[in-house]
Amino acid sequence: MRAAPTILHLDMDAFYASVEQASKPSLRGKAVIVGGLGPRGVVATASYEARRFGVHSAMPTAQARRLCPNGAYLIPRFTLYRQVSDVVMAMLRELSPLVEPLSLDEAFVDLEAGGVAFDAGSARATGERLRADIRAATGLSGSVGLAGSKMLAKVASEEAKPAGLLLIEPGTERELLAPMSVRTLPGVGPATGEHLRRAGITTVGELVEAGEDELVRMVGRAHGTGLYRMALGLDDRPVVAERDAKSVSVEDTFDVDLHDRVRIRGEVQRLADRCVQRLRGSGHSGRTIVLKVRRYDFSTLTRSETLRGPTDDAAVVREAAARLLEAVDTTGGVRLLGVGVTGLADYTQEDLFAQSLAAEAQAADEEGGTDGAAGAGGAAGGAEPEATGGGAGAQEGAEPHAEAQEAPERRWAAGSDVRHVLYGPGWVQGSGVGRVTVRFEQPGSEPGRVRTFRVDDPELEPSDPLPLVGDLETD
């Protein structure tokens with residue numbers, strides 16, 4: 001614990017939904033829900049207007065639609081969210097060399113290490129200036145907590161929401177924490193919270209009254225001791241500038257259970273390619289390939305294989321994932337698939353094992369003797385179609401003479417960016433029955449007009465997101 005509140009915690013307010021509201025002027029002040037739009041979709045973030053209806057993150061989208069039927073339901077646009085996050089994180093790094101990102105929209109900052117704050121007054125001034133700078137650079141609001149420890153700074157930012165700042169003066173921690181729910185403390189999840197509730201402990205103050213010995217008896221020595229210290233407001237964890245990635249993974253949940261073994265193999269190959277793209281993007285390689293399968297009855301299986309050396313070769317990862325799949329029974333149906341790589345390193349082991357696999361794959365392709373799984377894997381190595389609805393939009397395995405088949409109907413997901421030759425940039429409000437509805441507006445403009453087109457209109461094309469703050473386009 002520090003004697004001055006020089007640890008800052010920033011938490012952007014309803015980040016994904018706020019970015020969408022800033023990007024789409026017609027949605028400002030409206031209920032916005034971002035997440036999966038399919039039958040099995042899950043809410044990623046809900047705007048504060050949507051939260052008044054009881055919508056919250058991790059809620060099934062179907063339930064959210066029942067609670068808030070008139071809300072705007074949009075797919076996530078992670079490319080834009082990362083761009084905005086990069087701007088915010090760069091501003092934090094200007095304050096201090098010790099910045100610990102927790103997610104795209106949340107981070108700890110050691111203000112003392114940056115020489116920008118040494119007492120309550122300078123810490124408060126720095127926090128207020130940061131909030132103003134973020135608003136000017138992105139148009140978004142963030143909540144700031146300031147305290148002498150990471151735990152208390154995070155508690156403070158949560159209490160400051162939305163768009164506020166709370167500073168906890170050292171020495172006032174126990175008084176502030178006492179009436180709060182035990183779930184406020186790090187490490188107290190639903191199971192531990194329920195266990196404590198059955199023992200008559202629901203607030204942090206009641207944890208302190210129970211005493212360390214009783215908590216150790218209830219939840220074990222390691223957890224009980226740590227819990228008691230947290231309840232007293234004691235937290236000595238430092239702000240860590242770099243958080244090394246331990247794994248890279250991707251997964252898809254399907255709107256309809258998959259039963260076709262060839263389709264399942266094709267999806268695993270596609271996921272392996274996406275995983276390698278992300279692995280290379282992070283500058284890593286990895287030794288252990290992990291396959292995740294959630295079956296029709298919600299049972300989840302994981303299988304892994306450790307290679308002789310780290311790799312970022314797509315062919316090697318595809319081959320390993322295919323071998324792991326052979327050991328999994330999928331006859332009852334599959335609702336989720338995932339491929340991951342662990343045991344990360346910042347170099348690649350160019351060994352004979354990887355080279356032999358690549359040579360085998362090349363030889364099989366040259367002989368033309370590939371089966372359905374290999375064909376799907378080969379297709380995944382090329383341009384990947386945009387998946388919508390949690391994976392339901394992914395292509396089936398390629399059929400013979402595909403060039404003779406009718407071109408598939410273009411799909412437009414709600415919230416995605418588009419551009420029309422005549423009307424300029426806009427976003428998809430909805431689509432169906434061969435039509436797509438687009439609202440033409442951009443960040444900083446007035447709410448725009450709505451127009452409807454055929455889904456195959458050649459003058460309408462997908463587009464990259466526009467920056468939240470900047471010069472408007474003129475046509």
S.K.: May I ask you to decide if S26's main-chain N or O and E441's side chain share a donor-acceptor pair within less than 3.5 Å?
M.R.: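 Between the backbone of S26 and the side chain of E441 there is a qualifying donor-acceptor contact (under 3.5 Å).
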S.K.: With the threshold set at 4.0 Å, does a side-chain nitrogen-carboxylate oxygen contact exist between D86 and R93?
M.R.: no
S.K.: Would you mind reporting whether L146 and I7 have side-chain heavy atoms less than 4.5 Å apart?
M.R.: no
S.K.: Just by distance, do the side chain of T126 and the backbone of V116 share a donor-acceptor pair under 3.5 Å?
M.R.: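 Indeed, once roles are kept as given, a pair shorter than 3.5 Å links the two residues.
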S.K.: If only side-chain N and O atoms count, and only distance matters, is there a donor-acceptor pair under 3.5 Å linking D13 with S141?
M.R.: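 Short answer, yes.
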S.K.: Quick one: do I33 and L74 satisfy side-chain contact (heavy atoms from CB on, under 4.5 Å)? Show the steps, please.
M.R.: CA-CA 6 Å; I33 299 92; L74 310 173; over 6 Å; no
S.K.: Salt bridge check: are D464 and R419 linked by an N-O gap of less than 4.0 Å?
M.R.: no
S.K.: Would you say the side-chain atoms of Q442 and W427 include a donor-acceptor pair closer than 3.5 Å?
M.R.: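 Note: Q442 and W427 side chains miss the donor-acceptor criterion.
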S.K.: Could you tell me which residues satisfy ring pair (Phe, Tyr, Trp, His ring centres under 6.0 Å) with Y16, sequence neighbours excluded, listed by chain and number?
M.R.: F78, Y81
S.K.: Can you establish whether the number of heavy atoms outside R174 located under 6.0 Å from its atom CZ is more than 12?
M.R.: no
S.K.: Check R124 with E128, please: is the shortest side-chain N to carboxylate O separation under 4.0 Å?
M.R.: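 Looking at E128 and R124, the cut-off is not met.
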S.K.: Would you say L232 and V208 make side-chain contact, with heavy atoms under 4.5 Å?
M.R.: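 Heavy-atom side-chain distance check passes, below 4.5 Å.
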S.K.: How far apart are the C-alpha atoms of L8 and V144, what are their side-chain angles, what is the distance that settles it, and do they pass the side-chain contact (heavy atoms from CB on, under 4.5 Å) test?
M.R.: CA-CA 7 Å; L8 179 148; V144 168; 3.7 Å; yes
S.K.: Any non-hydrogen side-chain atom of R183 less than 4.5 Å from a side-chain atom of P190?
M.R.: yes
S.K.: Can you name the closest pair of heavy atoms from L258 and L337 and give their distance?
M.R.: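 Scanning both residues completely, I find the closest heavy atoms to be CD1-CD1, 4.5 Å.
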S.K.: So, for P170 and A3, which heavy atoms are closest and what is the spacing to 0.1 Å?
M.R.: CG-O, 3.4 Å
S.K.: Taking all non-hydrogen atoms of both residues, which atom of S122 and which atom of A117 are closest, and how far apart?
M.R.: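 So the minimum-distance heavy-atom pair works out to OG-CA, 3.3 Å.
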S.K.: So, using side chain to side chain donor-acceptor pair (under 3.5 Å) as the criterion, who are the partners of Q429 when residues are at least two apart?
M.R.: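 Partners of Q429 under the side chain to side chain donor-acceptor pair (under 3.5 Å) test: none.
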S.K.: Quick one: do R323 and R303 satisfy side-chain contact (heavy atoms from CB on, under 4.5 Å)? Show the steps, please.
M.R.: CA-CA 10 Å; R323 286 195 297 271; R303 299 289 185 268; over 6 Å; no
S.K.: Dump the intermediate steps for side-chain contact (heavy atoms from CB on, under 4.5 Å) on E209 and V204, then the final yes or no.
M.R.: CA-CA 9 Å; E209 292 176 4; V204 177; over 6 Å; no
S.K.: As an exercise, state the distance from CG of L344 to CG of D312, rounded to the nearest 0.5 Å.
M.R.: 11.0 Å
S.K.: Answer yes or no: is there a side-chain heavy-atom contact under 4.5 Å between H9 and V155?
M.R.: no
S.K.: For R28, I'd like to know if atom CZ has over 12 heavy atoms of other residues, nucleotides or ligands within 6.0 Å.
M.R.: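 It does: R28 CZ has more than 12 such atoms within range.
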S.K.: Taking atom types as modelled, find out whether R51 and S47 have a side-chain donor-acceptor pair closer than 3.5 angstrom.
M.R.: no
S.K.: To the nearest 0.5 Å, tell me how far L324 CG sits from S304 OG.
M.R.: 7.0 Å
S.K.: What's the spacing between L102 CG and L10 CG if we round to 0.5 Å?
M.R.: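 It comes to 10.0 Å.
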S.K.: Of R40, R294, R295, which meets salt bridge (charged side-chain N to carboxylate O under 4.0 Å, His left out) against D257?
M.R.: R40
S.K.: With no hydrogens and no angle check, do the side chains of T306 and T288 hold a donor and an acceptor under 3.5 Å apart?
M.R.: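 There is such a pair (donor and acceptor under 3.5 Å, judged by atom type) between the side chains of T306 and T288.
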S.K.: If you measure from CG on L207 to CE on M180, what distance do you get to the nearest 0.5 Å?
M.R.: 13.5 Å
S.K.: Taking all non-hydrogen atoms of both residues into account, name the closest pair between M230 and L185 and its distance.
M.R.: O-CD2, 4.0 Å
S.K.: Whether the side chain of S143 engages the backbone of P162 through a donor-acceptor N/O pair (distance < 3.5 Å, no angle test) should be reported.
M.R.: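 No: the side chain of S143 does not pair with the backbone of P162.
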S.K.: Donor-acceptor pair, distance only, cut-off 3.5 Å: does the side chain of R131 make one with the backbone of A163?
M.R.: yes
S.K.: If you round to the nearest 0.5 Å, how far is OG of S431 from CH2 of W412?
M.R.: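 Here the rounded value is 9.5 Å.
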S.K.: Can you find a pair of side-chain heavy atoms, one from V84 and one from F15, that are under 4.5 Å apart?
M.R.: yes
S.K.: Counting distance only, does the side-chain N/O of E112 pair as donor-acceptor with the main-chain N or O of T6 below 3.5 Å?
M.R.: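 No; judged by distance alone, with no hydrogens or angles, the pair does not exist.
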S.K.: Any carboxylate oxygen within less than 4.0 angstrom of a Lys/Arg side-chain nitrogen, looking at K154 and E158?
M.R.: no
S.K.: Relative to Y73, does R65 satisfy both conditions: NZ or CZ under 6.0 angstrom from the six-membered ring centre, and within 45 degrees of the ring's axis?
M.R.: yes
S.K.: Mind running salt bridge (Lys or Arg N to Asp or Glu O under 4.0 Å) on R229 and D235 for me, showing each step along the way?
M.R.: CA-CA 7 Å; R229 285 181 55 81; D235 177 19; over 6 Å; no
S.K.: Identify the residue among V268, V293, L325 that makes a side-chain contact (heavy atoms from CB on, under 4.5 Å) with V334.
M.R.: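 The residue from V268, V293, L325 that satisfies side-chain contact (heavy atoms from CB on, under 4.5 Å) with V334 turns out to be V293.
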S.K.: Is any side-chain N of the basic residue among R274 and D252 closer than 4.0 Å to the acidic one's carboxylate O?
M.R.: yes
S.K.: When you compare the side chain of V341 with that of I289, does any pair of heavy atoms fall below 4.5 Å?
M.R.: yes
S.K.: Answer yes or no: is there a side-chain heavy-atom contact under 4.5 Å between V99 and V239?
M.R.: no
S.K.: Please check this pair: side chain of E173 against backbone of G233, looking for a donor-acceptor N/O pair closer than 3.5 Å.
M.R.: no
S.K.: Compute whether any side-chain donor of one residue and acceptor of the other, for D313 and T311, lie under 3.5 angstrom apart.
M.R.: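 No, because no side-chain N or O of D313 sits under 3.5 Å from a partner of the opposite role on T311.
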S.K.: Does any non-hydrogen side-chain atom of S416 lie less than 4.5 Å from one of I75?
M.R.: yes
S.K.: Looking only at heavy atoms, what is the nearest atom pair of R77 and G415, with distance?
M.R.: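 Heavy-atom minimum between the residues: CD-O, 3.6 Å.
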S.K.: Taking atom CD as the centre, does E446 end up with more than 12 heavy-atom neighbours from other residues, nucleotides or ligands that are less than 6.0 angstrom away?
M.R.: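 Count not over threshold, so no.
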S.K.: Would you check if there is a donor-acceptor pair between the side chains of T202 and E206 at a distance under 3.5 Å?
M.R.: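 Yes, side-chain donor-acceptor contact under 3.5 Å.
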S.K.: Taking all atoms of both residues into account, what is the closest heavy-atom pair of I168 and A156, and its distance?
M.R.: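 Closest pair (atom of I168, atom of A156, distance): CD1-CB, 3.8 Å.
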S.K.: Could you tell me whether the side chain of H195 and the main chain of M218 form a donor-acceptor pair under 3.5 Å?
M.R.: yes
S.K.: Out of curiosity, S18 OG to L468 CG, how far, rounded to the nearest 0.5 Å?
M.R.: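 It is 10.5 Å, given to the nearest 0.5 Å.
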S.K.: Heavy-atom count around E175 CD within 6.0 Å, excluding the residue itself: above 12?
M.R.: no
S.K.: Salt-bridged, E49 to K30, with N to O below 4.0 Å?
M.R.: no
